[in-house]
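In what follows, every chain begins at residue 1, and chains take the letters A, B, ... in the order their sequences are listed. Computed from heavy atoms alone, side chains included, the values below leave out hydrogens, waters and symmetry copies.
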Amino acid sequence: MNSSFASRLLAWFDRHGRHELPWQHPRTAYRVWVSEIMLQQTRVETVIPYFTAFVDRFPDLSALADAPIDEVLHFWSGLGYYARARNLHRAARIVIECHRGQLPQDPAALEALPGIGRSTAAAILAQAYDRPMAILDGNVRRVLARHRAVDGWPGQARVASALWSIAESLVPESRAADYTQAMMDLGALVCTRSRPACSRCPVAGDCRARLQGRVAELPAPRPGRAMPTRTRWAALVRSPAGILLERRAPSGIWGGLYSLPEADEREQLVDRITARWAEAREQGAASARIAHAFSHYRLDLRILEFRLPTVPWGIMEGQSTIWYNPASSNAVGLPAPIARFLRDQGTPHDGTNG
DNA sequence: TAGCCGTGGGT
DNA sequence: TACCCAAGGCT
């Protein structure tokens, strides 16, 4: 008779698991929390440098709560899903005000904080306090869908519910922190999406997908969707002070970050800029483009260049704007494609533009 | 509940 | 190239 699922997994984890991740040393509740938020839909290798810089600047919950949102977004720039940063910052202030500065250990209270759902709450409690709570992230979904041969796309409520039940039935009473880490390590290192290493898997003996020869087809892929292209117009307004950036709306794409002024139509954009500065001179046809693929659509951003002969002063009422100067980095959030574009603008070139 | 929210790597 | 999707949550 085989030993239990958890026993085999933990024995494997002790020898082959990841024990040197930055948030494991020291493994405080705050650091586990920050890491779990950053790791949502984001790979470990991508997160590590962001996590290190973030906890260096915001070493504890008070430091985060005290910081301005623009600086928090600055340290999140390039990581994506910026609502995570806004929610993390909001939650830190809630914890200071309503929980005496301590992250709640009650699952319901933890899950009530913005940005923390069922899986993240369980992960924090398991990792930080060794509480036996089931998690269900992408790794666990893949491991369980294969081990129990669960059909259907895990995004479907019925399939997700079945996977949650399986996950809860397997959590051991002791070593919960190691167990949850082991599940994620198994999914990331052995039970990978493509070409899983079943020969090195500690639970391959009773893996139904493997016994049925269906490892490659589980879990079922998400149904395909159309990918439209969205065209927008943006202004590259130059003055001796730098390039004009506007704070974007707090929600929606790139919410709360600073970017080039935008409009749906070219005419709207020209009106907006020239109404603000009569001396603004348009430099001609669209000089550049920013093409960017999001999850649900492609963005085709067409850039119109304007030039201001003098440093303008005063800011239009109700607008939050800055003059971006590549030499002095501003502590605000910038979308990754915009940051790349601005870097290219700061680099002197011969004008052929790529 | 299904669409939205970023970016980068793998195939 | 064009897709999939990764330590999910919110509305």
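For the P atoms, the distance linking C/dC4 with B/dG3 amounts to 14 Å, nearest Å. Going from the P atom of B/dT1 to that of C/dA7 covers 25 Å, rounded to whole Å. Here, B/dG8 and C/dG9 have their P atoms 23 Å apart, quoted to the whole Å.
Between A/P223 and A/R141, the residue anchored nearer the 5' end of DNA chain C, judged by the nucleotide with its closest heavy atom, is A/P223. Both A/Q40 and A/S194 sit near DNA chain B, but only A/Q40 has its closest nucleotide nearer the 5' end. Place A/G155 and A/W254 on DNA chain B by their nearest nucleotides, and A/G155 ends up nearer the 5' end.
Residue contacts for A/G187: at a heavy-atom cut-off of 4.0 Å it reaches no nucleic acid atom on any strand shown. Residue A/R18 is in base contact, counting any heavy-atom pair closer than 4.0 Å across all strands shown.
A/F75 pairs with exactly one of A/Y50, A/F58, A/F51 by the ring-ring contact (aromatic ring centres under 6.0 Å, His included) rule, that one being A/F58.
The pair A/R302-A/D300 meets the salt-bridge criterion, with a side-chain N (NZ, NE, NH1 or NH2) lying under 4.0 Å from an Asp/Glu carboxylate O.
Identified under the salt bridge (charged side-chain N to carboxylate O under 4.0 Å, His left out) test for residues 191-201 of chain A, with sequence neighbours left out: none.
Within the 4.0 Å cut-off from OP1 or OP2 of C/dG9, at least one side-chain nitrogen or oxygen of A/T120 is found.
For the residue pair A/H292 and A/R298, no side-chain donor N or O sits within less than 3.5 Å of a side-chain acceptor on the partner.
For A/T46 against B/dG8, no side-chain N or O and base N or O form a donor-acceptor pair under 3.5 Å.
Remark: P of C/dA7 and CG of A/D137 are 6 Å apart, rounded to the nearest angstrom.
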